[in-house]
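In what follows, a single structure is set out as structure tokens and then discussed.
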Amino acid sequence: MRISKLFGKTQRETPAEADTVSHQLLLKAGMISQLAAGVYSYLPLAWRVLKKIEAIIREEMDGAGGQELNMPVLQPLELWQQTGRDKAFGKGMLVLSDRKERKLVLGPTHEEVVTSLVSHNVQSYRDLPLLLYQLQTKFRDEPRPRAGLIRVREFIMKDLYSFDADDDSLAQSYDKMLQAYRNIYARCGLPATLVEADSGAIGGKDSHEFMALVESGEDEIIYCNSCGYAANVEKAQSIKDGVAGGKPLPVEEVSTPGKTSIEEVAGFLKVLPSHTIKAVFHVADGKLAFVVIRGDLEVNEVKLKNVLRCTELRMATEAEVKEAGIVAGSASPVGIKGIKVVADDSITTGVNFVAGANKPDTHLRNVNYPRDFTADMVADIARASAGHRCPTCESKLLSARGIEVGHVFKLGTFLSEKLGAFYVDASGVSRPIVMGCYGIGVGRVLAAIIELNHDNKGIVWPLSVAPYHICLCPLFMENPKVVAAAESLHDELEAAGMEVLFDDRDESPGVKFNDADLLGIPLRVTISPRTLEKSSVEVKRRSEKSPELVPVEGLAARLKELIEV
RNA sequence: CGGGGUGUAGCGCAGUUGGCUAGCGCGCAGCGUUUGGGACGCUGAGGUCGGAGGUUCAAGUCCUCUCACCCCGACCA
């Protein structure tokens with residue numbers, strides 16, 4: 001490919017809208033162009049990278065026994081109503097009307113469609129296990145697209161759906177996918193860490209995410225260096241060290257004028273925050289929930305949402321709290337009535353807590369569960385954080401940030417039951433198919449690769465996904481020898497099956513070198529009068545500083561070596 | 001949806017208390033001179049100043065409404 005003909009120009013200045021490295025470099029390199037919030041065109045260079053990532057994914061999916069298919073983008077809303085997941089996705093699902101006023105959605109994912117499809121085509125255990133996958137554009141009306149290709153509304157996703165006869169078989173399919181995913185990331189030059197995850201709107205039981213550890217990532221990961229425990233903070237657990245025991249003492253009312261926050265109350269009464277109980281208020285699907293947790297801990301809203309089995313959860317407003325007759329700052333589960341109380345299990349791990357008294361400027365000492373109050377639900381709803389102790393080995397937990405580049409779920413049978421995907425087992429009994437699903441955001445993988453493979457000059461593509469292997473840079477184009485040598489090398493290398501980006505522009509060396517660096521082509525071949533004097537050219541790896549001089553005759557062979565390593 | 005911000009040429013920006021044909025740098029086109037890490041000179045093209053309404057002799061500038069985009073939070077591959 002000649003750069004003079006390449007669609008998509010590099011820019012000298014970084015577009016102002018971007019503040020994430022991958023976003024900046026993609027725009028600056030002329031690889032993507034935004035059409036609307038979270039909606040991008042992929043220009044030829046980015047598209048080539050994307051196709052390479054897709055090819056790696058296809059190989060690994062096929063290798064694991066997957067069969068590729070293609071499904072509709074437009075899906076009847078009724079299909080989603082059958083599984084109830086229209087509610088789980090809520091406004092994230094874009095609903096359209098056709099000319100007959102029939103409601104269709106732009107598919108945010110394809111479990112419903114594929115399950116329905118499978119229900120018509122699978123009747124027997126002999127048809128299982130079955131692995132189907134797609135590489136398609138999906139649309140989710142994200143509330144806030146951001147960071148270029150990392151969080152978009154329209155995106156290309158590989159989704160594989162597994163169909164098994166039972167849980168054991170599902171476990172095998174799941175493991176097979178985990179291995180395939182590890183292969184994919186390794187081949188893409190993208191180190192990805194497996195972490196436990198919450199299944200969110202997709203639903204299901206077990207779930208794991210693959211995280212590319214990057215400071216700018218939007219997810220927080222809690223992990224343990226000694227035993228390898230790692231989980232998304234949404235899911236992560238930690239040991240809630242019990243506070244000193246002792247005998248429950250009688251409840252005692254104390255005056256705490258003007259003290260409302262945990263720090264103030266604890267400081268005033270000279271107790272640790274972990275000896276207090278705090279109350280926070282959430283609205284779950286429109287209903288107020290009174291949430292109780294030990295004072296030193298924070299509520300994990302994802303866990304809370306799961307416990308409450310609600311689809312929408314938010315903090316209550318001051319007005320809502322007031323309206324419910326709650327005294328903010330001194331709220332207490334003691335004596336509360338008519339509101340659902342959800343307690344973190346941490347409140348069962350100590351005695352003689354300080355809690356609110358439901359009276360202004362007043363708190364209670366020596367509050368004990370369940371002597372003094374009860375909860376409608378007691379569960380782990382606390383947010384694990386760095387410094388807490390590991391739930392499996394008790395070492396100190398650490399925290400890191402990451403980009404979610406893959407997410408796998410054991411779905412179970414809830415979709416197959418609702419959509420009638422049953423099979424007949426060996427003994428003639430009809431059973432629901434056990435499902436799993438396994439997604440990778442291809443554009444996000446591309447962006448994550450850049451996040452982890454760049455320097456101050458630009459992108460440093462791993463060879464496996466680079467848009468081209470070689471950037472051929474002739475300098476001093478008015479010199480006929482240079483042009484002749486470049487043209488002939490270009491033809492020779494392409495004929496040898498190498499992917500060459502030929503900088504045939506009449507630009508100064510600085511411009512060519514800077515563009516080659518920005519575009520991140522792994523190998524740069526420089527041809528100039530100076531190198532031709534020695535019948536040689538210069539070969540430089542993008543990832544290294546110094547070039548090597550290679551004789552023109554040996555160039556193709558040398559490059560082949562470098563590419564095939 | 002809540003909070004913050006920005007809309008002026010393809011990109012980055014300036015534009016004073018409202019005042020004349022709306023500027024600068026980069027990029028783009030032509031010519032010439034240069035050039036091993038983003039060269040220089042000359043010439044030139046490119047704008048309904050996000051949109052609508054209003055105030056005014058006069059609006060990029062003031063007022064009202066609106067739209068888009070970015071950032072921080074609630075959602076996810």
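Within every chain, numbering begins at 1; the chains are lettered A, B, ... in the order of the sequence lines, protein sequences first and strands thereafter.
- Residue-to-nucleotide proximity on RNA chain B shows that, of V152(A) and T10(A), the 5′-proximal contact is made by T10(A).
- Comparing rU56(B) with rC63(B), their P atoms sit 16 Å apart, to the nearest whole Å.
- Under the 6.0 Å cut-off for aromatic ring centres, F409(A) and H208(A) do not qualify, their centroids lying 6.0 Å or more apart.
- Here the straight-line distance linking atom CG of L149(A) with atom CD of E451(A) works out to 10.5 Å at 0.5 Å rounding.
- Looking at the side chain of Q11(A), the nearest of the listed nucleotides rC11(B), rC72(B), rG38(B) is rC11(B).
- At the heavy-atom level, G92(A) lies nowhere under 4.0 Å from the strands shown.
- Distance noted for atom C1' between rG15(B) and rU8(B): 9 Å (whole Å).
- S162(A) and Y174(A) are not linked by any side-chain donor-acceptor pair at a separation below 3.5 angstrom, with hydrogens and angles left out of the test.
- Using a 4.0 Å cut-off between charged side-chain N and carboxylate O, E487(A) and R2(A) make a salt bridge.
- Counting any heavy atom pair closer than 4.0 Å across all strands shown, P143(A) reaches a base atom.
- Taking atom NE2 of H110(A) as the reference point, atom P of rC76(B) lies 18 Å away to the nearest angstrom.
- rC11(B) and rU6(B) have their C1' atoms separated by 16 Å, given to the nearest Å.
- Between K545(A) and T14(A), the residue whose closest nucleotide on RNA chain B is further toward the 5' end is T14(A).
- Residues H110(A) and Q134(A) bring a donor and an acceptor atom of their side chains to less than 3.5 Å of each other.
- A cation-pi arrangement is absent between R153(A) and F139(A) under the rule of less than 6.0 angstrom and at most 45 degrees off the ring axis.
- Within 4.0 Å of A18(A), counting heavy atoms only, lies no atom of the nucleic acid at all.
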Can you give the donor-acceptor pairs under 3.5 Å from side chains of residues 399-407 of chain A to other protein atoms, not counting sequence neighbours?
unit_1, atom_1, unit_2, atom_2, d
S399(A), OG, E220(A), OE2, 2.8
R401(A), NE, G217(A), O, 2.9
R401(A), NH2, G217(A), O, 3.4
R401(A), NH2, E218(A), O, 3.3
E404(A), OE2, H407(A), ND1, 2.7
H407(A), NE2, S207(A), OG, 2.6

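- Distance NZ (K28(A)) to P (rG12(B)): 12 Å, rounded to an integer number of Å.
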Give the C-alpha distance, both sets of side-chain angles, the deciding distance and a yes or no for ring-ring contact (aromatic ring centres under 6.0 Å, His included) between Y133(A) and Y161(A). CA-CA 6 Å; Y133(A) 75 95; Y161(A) 309 93; 9.8 Å; no

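- Using P as the reference atom, rC69(B) and rC75(B) are 22 Å apart when rounded to the nearest Å.
- Residue pairs meeting the side-chain hydrogen bond (donor to acceptor under 3.5 Å, both in side chains) criterion with at least one member in residues 529-546 of chain A, sequence neighbours excluded, are D455(A)-R542(A).
- No engagement by R153(A) is indicated, since no non-hydrogen atom pair under 4.0 Å with the nucleic acid exists.
- In this structure, of rA77(B), rG37(B), rC76(B), it is rC76(B) that holds the atom nearest to the side chain of D219(A).
- Counting to the nearest Å, the C1' atom of rC76(B) and the CD atom of E220(A) are 17 Å from each other.
- Between Q134(A) atom CD and rA77(B) atom P there is a gap of 13 Å when expressed in whole angstrom units.
- At whole-Å resolution of the value, CZ in R146(A) and P in rC76(B) are 12 Å apart.
- Taking the P atom of each, rG25(B) and rU21(B) are spaced 22 Å apart, rounded to whole Å.
- A gap of 25 Å separates the P atoms of rG30(B) and rG23(B), to the nearest Å.
- Geometrically, R524(A) engages F513(A) in a cation-pi contact, judged by NZ or CZ lying under 6.0 Å from the ring centre and within 45° of the ring axis.
- Going from the C1' atom of rA9(B) to that of rG3(B) covers 33 Å, rounded to whole Å.
- Atom CG of L519(A) and atom P of rG38(B) are 17 Å apart (whole Å).
- Within the 4.0 angstrom heavy-atom criterion, no nucleotide atom of any strand lies near V445(A).
- Side chains of Y181(A) and I440(A) form a contact here, defined as non-hydrogen atoms less than 4.5 Å apart.
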I'd like a list of close polar pairs between nucleotides 32-35 of chain B and the protein, N/O only, cut-off under 3.5 Å.
unit_1, atom_1, unit_2, atom_2, d
rU35(B), O4, E478(A), OE1, 2.6
rU35(B), O4, E478(A), OE2, 3.1

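- Distance, F89(A) CZ to rC75(B) C1': 11 Å, rounded to whole Å.
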Interface polar pairs with nucleotides 24-27 of chain B, N/O, under 3.5 angstrom:
unit_1, atom_1, unit_2, atom_2, d
rG25(B), N2, E13(A), OE2, 2.6
rG27(B), OP1, R12(A), NH1, 3.4
rG27(B), OP1, R12(A), NH2, 3.2

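- Here Q34(A) lies in heavy-atom contact (under 4.0 Å) with sugar-phosphate atoms only.
- The base of rC75(B) lies close enough to the side chain of R151(A) for a donor and an acceptor atom to sit less than 3.5 Å apart.
- When only modelled atom types and interatomic distance are considered, T14(A) and Q24(A) share no side-chain donor-acceptor pair under 3.5 Å.
- Judged by atom type and distance alone, D19(A) does not reach the base of rC70(B) through any side-chain donor-acceptor pair under 3.5 Å.
- Judged by ring centres under 5.5 Å apart and planes tilted less than 30 degrees, F513(A) fails to stack against the six-membered base ring of rG36(B).
- The stretch residues 16-25 of chain A participates, sequence neighbours left out, in no salt bridge (charged side-chain N to carboxylate O under 4.0 Å, His left out) pair at all.
- For R144(A), taking side-chain heavy atoms from C-beta onward, the closest of the listed nucleotides rC72(B), rG38(B), rA77(B) is rC72(B).
- Of the C1' atoms belonging to rA52(B) and rA59(B), the separation is 15 Å, rounded to the nearest Å.
- Residue T20(A) is classed as having no contact, given no heavy-atom separation below 4.0 Å to the nucleic acid.
- A donor-acceptor contact closer than 3.5 angstrom is absent between the side chains of Q179(A) and D175(A).
- The CG atom of L132(A) lies 5.0 Å from the CG atom of L69(A); values are rounded to the nearest 0.5 Å.
- At the heavy-atom level, A448(A) lies nowhere under 4.0 Å from the strands shown.
- Atom CD in E142(A) sits roughly 15 Å away from atom P in rC69(B) (whole-Å rounding).
- The residue E17(A) sits close only to the backbone: its heavy atoms come under 4.0 Å of sugar-phosphate atoms, none of a base.
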Using Watson-Crick or G-U wobble pairs with both distances under 3.5 Å, give me RNA chain B in dot-bracket, 5' to 3', with [ ] for crossers and | for pairs to another strand. (((((((..((((.....[...)))).((((((.....)))))).....(((((..]....))))))))))))....

